[in-house]
**Student:** 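Here it is: the structure, laid out below.
Excluded from the calculations below are hydrogen atoms, water molecules and symmetry mates; all remaining heavy atoms, backbone and side chain alike, are included. Labels below follow one simple rule: chain letters A, B, ... track the order of the sequence lines, proteins then strands, and each chain is numbered from 1. Bear in mind that the values here come from a model prediction, so they are computed numbers and not experimental data.
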Amino acid sequence: MRITQGTFSFLPDLSDEQIRKQVEYCLNNGWAVSVEFTDDPHPRNTYWEMWGPPMFDLKDPAAVMQEVNACRKAYPNHYIKVNALDSTRGWETIRLSFIVHRPKHEPGFRLARQEGEGRNIRYTLHSYATDRPEGERYSVDGAGPDRNR
Amino acid sequence: MGEVQADKDALDVTQAFKDSNIDEVLDTLDRELVGLQAVKTRIREIAAFLLVDRLRREVGLQAERPVLHMCFTGRPGTGKTTVAMRMATILHRLGYIRRDHLITATRDDLVGQYVGHTAPKTKEILKKAMGGVLFIDEAYYLYRPENERDYGQEAIEILLQVMENQREDLVVVLAGYKDRMDAFFSFNPGMRSRVAHHLDFPDFTIDELMQIAEMMVAKQQYHFDEAARETFRDYLKRRMALPEFGNARSVRNAIDRIKLRHANRVYGGGTVTKEDLARIDASDILKSRVFLEVPELDAVMEPTKGQALDRKE
């Protein structure tokens with residue numbers, strides 16, 4: 001099941017050229033751009049791992065593309081997203097956030113039901129991928145990320 | 001129209017030159033930079049080469065992206081930074097860099113203080129400079145041959161990698177004294193082979209320095225009177241004899257100090273006219289320390305006796 005979230009969730013995956021254009025738009029607005037990755041893409045998991053700190057004072061999207069590609073290389077079977085942070089109000093606010101990379105195989109979610117008090121039923125989403133330990137989810141052969149590749 | 005059709009393979013070089021607005025930049029360079037004839041010729045050559053390279057690309061001739069990294073050598077104040085900024089504009093107009101911006105960096109910005117500090121620091125500067133020009137002032141400080149564990153080497157390696165692999169994203173300009181730059185290249189042959197253009201900035205002659213001074217003064221809406229002009233020339237002769245003479249930079253500093261003395265003189269006496277506020281006379285210049293410390297040159301005028309002499313340089 002193809003997971004979508006963030007700004008362009010109703011569009012097909014962006015090409016590198018389209019990503020570059022979006023990042024250029026962010027930089028022209030004076031936003032800082034950061035790259036984050038995770039292998040736990042539950043919609044309520046807002047805290048993805050940071051691929052380095054947000055990049056401030058950039059002038060050109062080439063630098064962001066370089067980091068995105070480095071992250072893709074290190075984590076080919078993770079989700080990677082690009083965030084744009086706006087500081088005009090005195091604090092950093094996310095203005096744009098979109099997925100730029102996804103694992104080849106996405107097993108999707110199952111609906112879990114829990115019997116509550118009386119005859120109440122509580123529903124929750126459970127990602128099949130999270131049955132495996134962190135770092136081994138989504139990889140085809142079960143091996144972890146290869147940082148040296 | 002018929003001619004164009006008949007010869008539709010022909011490209012209009014003049015038109016391409018006009019479209020790029022490059023002559024405008026080159027003219028400003030000619031106008032604003034005094035002297036430096038060799039440098040200007042070289043920049044025109046580079047601009048012409050890049051334009052032709054772009055035309056070749058348009059007609060589908062083989063055109064590998066030219067190496068654009070440069071090395072500017074020369075003493076302080078000979079216009080290296082100014083030319084680098086113009087170079088950024090030229091490269092931008094010709095479409096070789098995406099942004100008309102220049103990031104200046106020195107050793108402090110690139111080299112870290114402990115293990116693992118250098119790489120992120122260098123990468124951050126490189127990322128900031130992406131799409132434009134990275135100007136590394138006094139680049140030879142990156143390499144310290146006396147200390148083999150110096151982190152500068154790490155910065156150079158990262159720099160080399162980006163200079164080679166991301167040529168379309170970044171143009172690197174190295175700058176510094178000629179002899180030390182040569183030594184730096186001899187220790188880092190990889191760096192030399194990746195720098196395509198070596199430009200040497202000669203020292204200015206006294207006439208060129210006078211021209212620079214006149215331009216600076218006029219820009220700030222002051223002017224020298226006849227005696228002041230002569231005195232300033234004399235001042236320059238003495239100043240050039242002193243060590244650490246910084247060419248155009250010294251001229252700028254001297255003018256700043258002359259403005260202070262001018263203000264002090266005008267402040268002292270009753271009513272002033274507009275002319276008084278703009279005119280610099282010889283007494284403003286004669287109070288300089290230089291006239292005391294370099295006595296061997298024959299002064300055109302004697303400093304006024306008994307007057308308090310300015311101790312500042």
**Student:** With a 4.5 Å heavy-atom cut-off (strictly below), which parts of residues 113-131 of chain B touch chain A? List them by number.
**Tutor:**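 Residues of residues 113-131 of chain B touching chain A at under 4.5 Å: B:Lys127, B:Lys128, B:Met130, B:Gly131.
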**Student:** Does atom CD (B:Glu164) have a neighbourhood of more than 12 heavy atoms from anything else shown, all under 6.0 Å?
**Tutor:**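 Atom CD in B:Glu164 is packed in, count exceeds 12.
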**Student:** Using 0.5 Å steps for rounding, measure from the CD1 atom of B:Ile97 to the NZ atom of A:Lys59.
**Tutor:**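 So the gap between those two atoms works out to 12.5 Å.
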**Student:** Has the side chain of B:Arg99 got a donor or acceptor atom that lies under 3.5 Å from a matching backbone atom of A:Asp60?
**Tutor:**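 No; judged by distance alone, with no hydrogens or angles, the pair does not exist.
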**Student:** Determine whether more than 12 heavy atoms belonging to other residues, nucleotides or ligands lie under 6.0 Å from atom CZ of A:Arg2.
**Tutor:** yes
**Student:** So which part of B:Gln166 gets closer than 4.5 Å to some heavy atom of chain A, the side chain, the backbone, both or neither?
**Tutor:**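 The side chain, not the backbone.
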